[in-house]
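Every chain is numbered from 1 and lettered A, B, ... according to where its sequence line falls, protein lines coming before strand lines.
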Amino acid sequence: MNADAIAYTESIGHSSSISRKSQAVKSSGLTKAEDTLIARLRRGDEGAFDELVTQHHGTLIRVAMGYVADREVAEEVVQDTWLAVIESLNRFEGRSSLRTWICGILIHKAKDRGVREKRHTTFSAFESFDGDNDEAVDPIRFQQSGEWAGHWAFPPQPWDDQTPEKLLASKQAVDCMQQAIAALPAILKEVLILRDVEGVEAKEVCEMLNITETNLYVRLHRARERVRVAVETYLEGGMKTV
Amino acid sequence: MKDHPSQWIPIGLTCRDVAEQATDYLENRLPILTKIRVGLHVASCAGCRSYVVQIGLVSSALGSFPKLYLSPVNRLHLRQQFAAHHTN
């Protein structure tokens with residue numbers, strides 16, 4: 001079965017219309033590559049474990065940093081997660097992708113660690129951030145009344161010649177983006193890190209975080225806007241000092 | 001402002017509406033008619049054009065952040081744990 005067919009059988013989930021052949025592949029819920037990797041891991045293949053760690057470690061660190069105070073604690077949480085993965089691998093049933101399963105373990109541990117150390121903002125952010133109702137863009141930037149109500153009062157100025165590569169080449173720009181991410185409430189940070197920084201597909205992010213796709217994109221837009229404002233402030237500050 | 005280009009075609013969207021939908025527009029999540037209306041507004045409004053471009057640029061830049069790697073010491077430690085688990 002080709003990759004598209006595998007992706008199709010995974011995407012339709014529990015649909016009753018799948019063929020017998022598709023069900024045979026779907027029974028594991030995994031791609032062939034993941035099936036092979038898990039078989040190697042269960043045989044104790046250290047090379048397979050290295051591959052797994054190489055594939056996912058960076059993502060896990062960034063996700064963990066969304067819940068705990070610093071990189072050092074995030075590293076500890078990720079180490080704990082890997083140990084749990086080693087212990088639980090034989091019980092993994094393949095209902096989700098390997099990455100979703102591992103991230104689920106990590107998020108549980110990271111939230112728990114954040115609560116215990118009282119250094120994080122996860123739950124206070126959940127309580128105080130009305131993510132589905134707040135507007136992403138500061139309303140003050142729009143005309144408040146009159147014929148042009150709702151149109152820009154303070155429109156964004158063009159970022160002449162800016163490209164992602166140019167932004168990333170500036171240490172100050174990268175620092176300001178990282179600071180903006182660090183300052184995000186956890187529910188915005190987690191979607192931004194998973195979707196934009198780590199490039200996880202929307203559907204998988206929803207599965208990991210147990211949120212709807214609508215929630216995901218509402219939060220993602222608010223997070224992107226906060227980072228955009230940080231870059232805007234940095235660029236305008238830079239332009240003023242020239 | 002009376003000649004604001006975004007009002008040349010009566011598409012019934014304000015800049016505020018467009019800014020709220022920028023990510024949905026970029027991710028191709030809008031119903032086709034809404035997408036066309038947003039597209040027409042963006043094409044005729046410099047502020048919204050800059051806004052949509054900037055949201056897309058930020059998203060792309062975030063996707064190019066350098067990868068984080070495991071330290072060799074921690075990698076070795078994990079590998080030993082994995083080997084020990086399978087030996088027992």
Going by ring pair (Phe, Tyr, Trp, His ring centres under 6.0 Å), name the residues that satisfy it together with A:Phe92, two or more places apart in sequence or in a different chain.
A:Trp101

Is B:Arg29 close to chain A through its backbone or its side chain, or both, or neither, when contacts mean heavy atoms under 4.5 Å?
side chain

With a 4.5 angstrom heavy-atom cut-off, which part of B:Asp24 approaches chain A: side chain, backbone, both or neither?
side chain

Do you know which two heavy atoms are closest between [X] and [Y], and how far apart they sit?
X       : Y        : result
B:Leu70 : A:Gln79  : CD1-NE2, 3.7 Å
B:Ser64 : A:Leu168 : CB-CD1, 3.1 Å
B:Ala19 : A:Phe142 : CB-CZ, 4.0 Å
B:Gly47 : A:Pro155 : CA-CB, 4.0 Å
A:Phe49 : B:Arg79  : CE2-N, 4.2 Å

Quick one: salt bridge (Lys or Arg N to Asp or Glu O under 4.0 Å) partners of A:Asp80, sequence neighbours excluded?
none

So how far is it from [X] [atom1] to [Y] [atom2], rounded to the nearest 0.5 Å?
X        : Y        : atom1 : atom2 : result
A:Leu60  : B:Leu68  : CG    : CG    : 10.5 Å
A:Arg62  : B:Phe65  : CZ    : CZ    : 7.0 Å
B:Asn74  : A:His57  : CG    : NE2   : 6.5 Å
A:Leu220 : B:Ser59  : CG    : OG    : 6.5 Å
B:His86  : A:Asp45  : NE2   : CG    : 9.5 Å
B:Arg16  : A:Trp152 : CZ    : CH2   : 10.5 Å

Atom [atom1] of residue position [X] - does it have more than 12 heavy atoms of other residues, nucleotides or ligands inside 6.0 Å?
X        : atom1 : value
A:Gln178 : CD    : yes
A:Gln144 : CD    : yes
A:Asn90  : CG    : yes
A:Gln172 : CD    : no

Just so I know, are the side chains of B:Lys67 and A:Glu198 near enough to count as touching, which here means a heavy-atom distance under 4.5 Å?
yes

Quick one, B:Leu78 and A:Leu83 - any side-chain contact, counting heavy atoms below 4.5 Å?
yes

Chain B heavy atoms under 4.5 Å from [X]: which part of the residue, side chain, backbone, both or neither?
X        : answer
A:Leu41  : both
A:Glu75  : side chain
A:Ile193 : neither
A:Arg195 : side chain
A:Ala149 : backbone

Determine yes or no for a side-chain-to-main-chain donor-acceptor pair under 3.5 angstrom, with [X] supplying the side chain and [Y] the backbone.
X        : Y        : answer
B:Gln54  : A:Gln157 : yes
A:His221 : B:Ile55  : no
A:Glu46  : B:Phe82  : no

Taking atom types as modelled and ignoring hydrogens, do the side chains of A:Glu225 and B:Tyr51 form a donor-acceptor contact shorter than 3.5 angstrom?
yes

A:Thr54 versus B:Arg75, side-chain donor and acceptor atoms under 3.5 Å
yes

Tell me whether A:Arg224 is salt-bridged to B:Glu27, with the criterion being a basic N under 4.0 Å from an acidic carboxylate O.
yes

Chain A: which of B:Pro66, B:Ser71, B:Gly56 shares the most heavy-atom pairs with it under 4.5 Å?
B:Pro66

Heavy-atom pairs under 4.5 Å with chain B, option from [options] with the top count:
options                                : value
A:Val227, A:Asp50, A:Val231, A:Leu89   : A:Asp50
A:Arg141, A:Glu213, A:Lys166           : A:Glu213
A:Pro139, A:Ala173, A:Ala136, A:Gly150 : A:Gly150

